[in-house]
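Beneath this line is the structure, given in structure tokens, with notes to follow.
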Amino acid sequence: MALKITEVGPRDGLQNEKSEVPTRDKFEFIQKLIRAGLIHIEATSFVRKENIPQLGDAKELSSLLDLNGKTQFSALTPNLKGYQAALEAGYKEVAVFTAASESFVKKNINRTIQESIDGFKEIFQEAKKDGLKVRGYVSTVIDCPYEGKIDPKKVLEVSKILLDQGAYEISLGETIGTAVPSEVETLLNVLLKEIPADKLAGHFHDTYGMAISNVQKSYEMGIRSFDSSSGGLGGCPYAKGASGNLATEDLVYYFHKSGIETGIDLSKLLEASSFMESILQRKLASRSYIALRAKAAS
Ligand code: HMG
Ligand code: MG
């Protein structure tokens, strides 16, 4: 199975930013990501503006994107209302999201796990009819900010339900970035007994600097799909202290140096991150981004 990288910077990366990013700048950021070679881009989410004001321009941003082109864009949709908005905007792929922890799902989407899954049924039905692909996120796969350690069996149960409903892939959200490789191994040992590796993706946050080690462990165990965000942007408003996603620069540097091609041009990716850095007026966290920029400037 070929390696797949899903760039989540425009969505996961920007949803937690303090300063408001103008829609035109988000569009320019996405154009730069495309020029860097990113094919899978999660552009935004169709959720309540009151909850995630930073992505309140989902409709306007989406109208600027070429949703019929080569880039495979997706949008996060928590319920049928969100799905319908994404469909209307022209998306060919959406992502539903729940978690393996009740408290997290409650805070995040104001539902129990079961209610969230029941609500997704309609999305899966409509998506089948409309010919849209649906990705499923399961958050808090190792630790939950409210409940602590999560039982891998719960992650397996929720993931299997989403796959049975029609998700083509489950993105395993390590939401607060606390996991270490041995915990990822324990989780994957449980999941891979019942779910093929090509149905799973790693979505690691990098709060404790463990994300790339967790990618390495996942890759060794057969996972070939990973989410990351340009420059390491990101965080989750419902997971205090969670810093950014694994940086796309760190992921690409790691793969290229390991002899694994990604199709991504690192120097062009730096341009995307540096553009966002100037818009946000704060330093981005990615180690590879910082080092590669310094090298390019010397
Ligand atoms: P709710 O309040 O329970 O919704 O919100 P409701 O059904 O009771 O409706 C209340 C009002 O919201 C109504 O409007 C609805 O129309 C409206 P009113 O009649 O009062 O004027 N509404 C909506 N508006 C816009 N878009 C919608 C929508 N649905 C209802 N889709 C809801 C439920 C899920 C919408 C809310 O809790 C919400 O927006 N939550 C935000 C969730 C979110 O975006 N979280 C961050 C992303 S998840 C994440 O980052 C984790 C991930 O990265 C993986 C990982 O790292 O683990 C994916
Ligand atoms: Mg996330």
Side-chain angles (χ1 to χ4, degrees), residues 6-17 42-59 62 74-89 91 94-101 103-113 115-120 122-123 126 134-147 150 155 158-159 162 167 169-179 187 200-207 211 214 226-230 232-248:
T6 301
E7 168 66 41
V8 296
R11 194 281 302 170
D12 209 348
L14 297 184
Q15 72 182 8
N16 206 29
E17 278 301 329
E42 195 174 77
T44 189
S45 62
F46 289 90
V47 297
R48 284 190 77 172
K49 265 189 197 166
E50 295 85 341
N51 294 42
I52 311 282
Q54 295 86 340
L55 304 185
D57 62 347
K59 190 174 168 192
S62 305
S74 66
L76 227 58
T77 56
N79 52 18
L80 195 59
K81 189 177 170 92
Y83 170 81
Q84 277 159 348
L87 177 73
E88 214 166 286
Y91 284 87
V94 295
V96 295
F97 54 109
T98 185
S101 135
S103 325
F104 186 80
V105 180
K106 194 73 195 161
K107 295 255 192 226
N108 198 21
I109 54 173
N110 195 25
R111 303 282 182 272
T112 63
I113 297 175
E115 283 165 354
S116 71
I117 285 166
D118 291 344
F120 297 158
E122 291 171 302
I123 297 186
E126 293 300 305
V134 183
R135 193 173 198 233
Y137 273 106
V138 179
S139 284
T140 60
V141 291
I142 289 178
D143 289 321
C144 166
Y146 313 107
E147 291 181 16
I150 295 296
V155 183
V158 178
S159 302
L162 295 183
E169 177 177 88
I170 301 299
S171 181
L172 300 166
E174 209 284 272
T175 315
I176 53 174
T178 47
L187 171 68
L200 296 173
H203 178 106
F204 296 106
H205 284 257
D206 205 19
T207 319
N214 292 332
F226 297 98
D227 301 350
S228 60
S229 111
S230 161
L233 290 162
C236 178
Y238 302 98
K240 279 215 171 356
S243 72
N245 291 79
L246 164 64
T248 310

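Whatever order the structure lists ligands and atoms in, that order sets their numbers, starting from 1. All of these numbers come straight from a predicted model, not from anything done at the bench. Hydrogens, waters and symmetry mates play no part in the numbers below; they use all other heavy atoms, side chains included.
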Is the shortest distance from a heavy atom of Glu50 to ligand 1 less than 4.0 Å?
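No.
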
Heavy atoms only, cut-off 4.0 Å: how does [X] contact ligand 1, side chain, backbone, both, or neither?
X      : value
Asn108 : both
Leu76  : side chain
Thr175 : both
Pro78  : side chain
Ile52  : side chain
Asn79  : side chain
Arg11  : side chain

Least distance between heavy atoms, [X] atom then [Y] atom:
X      : Y      : result
Ser45  : Leu55  : OG-CD1, 3.2 Å
Asn245 : Ser229 : CB-CB, 3.7 Å
Pro78  : Ile123 : C-CD1, 4.3 Å
Phe104 : Thr140 : CG-CG2, 3.6 Å
Leu80  : Glu126 : CD1-CG, 3.9 Å

Going through the checks in order, is the side chain to side chain contact (heavy atoms under 4.5 Å, CB included) test met by Leu246 and Phe226?
CA-CA 9 Å; Leu246 164 64; Phe226 297 98; 5.5 Å; no

Within ligand 1, which atoms have a heavy atom of [X] less than 4.0 Å away?
X      : answer
Phe46  : 26 (N), 27 (C), 31 (N)
His203 : 53 (O), 54 (C), 55 (C), 56 (O)
His205 : 56 (O)
Asp12  : 50 (O), 53 (O)
Arg111 : 3 (O), 4 (O), 7 (O)
Gly82  : 31 (N)

Checking side chain to side chain contact (heavy atoms under 4.5 Å, CB included) for the pair Glu115/Asn110: CA distance, chi angles, key distance, verdict?
CA-CA 9 Å; Glu115 283 165 354; Asn110 195 25; over 6 Å; no

Counting heavy atoms only, which of Gln54, Lys81, Lys106 is nearest atom 23 (C) of ligand 1?
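Ranked by closest heavy atom to atom 23 (C) of ligand 1, first place is Lys81.
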
For His205, what is the atom name of its N, O or S atom nearest to the Mg ion (ligand 2)?
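For His205, the N, O or S atom at the smallest distance from the Mg ion (ligand 2) is NE2.
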
What do the steps show when you test Tyr146 against Ser101 for side-chain hydrogen bond (donor to acceptor under 3.5 Å, both in side chains), and what is the final call?
CA-CA 8 Å; Tyr146 313 107; Ser101 135; over 6 Å; no

What angle, in degrees and rounded to 10°, do you get at the Mg ion (ligand 2) when you join it to OD2 of Asp12 and to NE2 of His203?
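Taking the Mg ion (ligand 2) as the apex, I get 90° for this pair.
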
Take atom CD in Glu88; do more than 12 heavy atoms of anything else shown fall under 6.0 Å from it?
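Not buried by this count: 12 neighbours or fewer within 6.0 Å.
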
Side chain to side chain contact (heavy atoms under 4.5 Å, CB included) between Ser139 and Phe97, intermediate numbers included:
CA-CA 7 Å; Ser139 284; Phe97 54 109; 5.7 Å; no

Between Asp227 and Ser171: side-chain donor-acceptor atoms closer than 3.5 Å
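A pair is found: one side chain offers a donor N or O, the other an acceptor, under 3.5 Å apart.
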
For ligand 1, is there an N or O atom under 3.5 Å from any N or O atom of Glu174?
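Min N/O separation from ligand 1 is not below 3.5 Å for Glu174.
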
